[in-house]
S.K.: 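Sharing a structure below in structure tokens format, with a few things to ask.
Predicted model, so just to flag it, every value in this text is computed and none were measured.
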Amino acid sequence: MSKLLRVSDIVRNKKKGTVGYLPISKSAWWSGVAEGKYPQPIKLGPKTTCWRESDILALIERGL
């Protein structure tokens, strides 16, 4: 089973100084998800959204 990632694991966070898997902002990530450029999320609850790590790694391999 693939690991599940939250948006904070995927994108950079300047305040916390974390890089994440992709060097983009949270708003750029959500915009890409809405456009279909990035993988669709998995809803675990009303306030919990995740993505499969394998989907993110495949996205990186494709070159975004």
S.K.: Would you indicate whether the side-chain heavy atoms of L5 and D55 approach each other to under 4.5 Å?
M.R.: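 No, their side chains stay 4.5 Å or more apart.
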S.K.: I'd like to know if the side chain of T49 and the backbone of K43 have a donor-acceptor N/O pair within less than 3.5 Å.
M.R.: no
S.K.: Quick one: CD1 on I42 to OG on S2, what's the gap to the nearest 0.5 Å?
M.R.: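 One finds 8.0 Å between CD1 of I42 and OG of S2.
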S.K.: Just verifying a value: how many Å separate I24 CD1 and Y38 OH, rounded to the nearest 0.5 Å?
M.R.: 4.0 Å
S.K.: Check whether any side-chain heavy atom of T48 sits under 4.5 Å from a side-chain heavy atom of R6, and report yes or no.
M.R.: yes
S.K.: Can any side-chain N or O of R52 pair as donor or acceptor with the backbone N or O of L4 at less than 3.5 Å?
M.R.: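 Side chain of R52 to backbone of L4: no pair is present.
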S.K.: So, W29 side chain and I10 main chain: donor-acceptor pair closer than 3.5 Å or not?
M.R.: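 The answer is no, because no donor-acceptor pair under 3.5 Å joins these two groups.
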S.K.: According to side-chain contact (heavy atoms from CB on, under 4.5 Å), who are the partners of A58, at least two apart in sequence or on a separate chain?
M.R.: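 By the side-chain contact (heavy atoms from CB on, under 4.5 Å) rule, A58 matches R62.
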S.K.: Any donor-acceptor pair under 3.5 Å linking the side chain of Q40 with the backbone of V33?
M.R.: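 Yes, Q40 side chain to V33 backbone: donor-acceptor pair under 3.5 Å.
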S.K.: Within the structure provided, determine whether D9 and W51 are in side-chain contact (heavy-atom separation under 4.5 Å).
M.R.: no
S.K.: With sequence neighbours left out, what residues match K16 under side-chain contact (heavy atoms from CB on, under 4.5 Å)?
M.R.: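 K16: side-chain contact (heavy atoms from CB on, under 4.5 Å) contacts with N13, T18.
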S.K.: Rounded to the nearest 0.5 Å, how far apart are SG of C50 and CG of L44?
M.R.: 4.5 Å
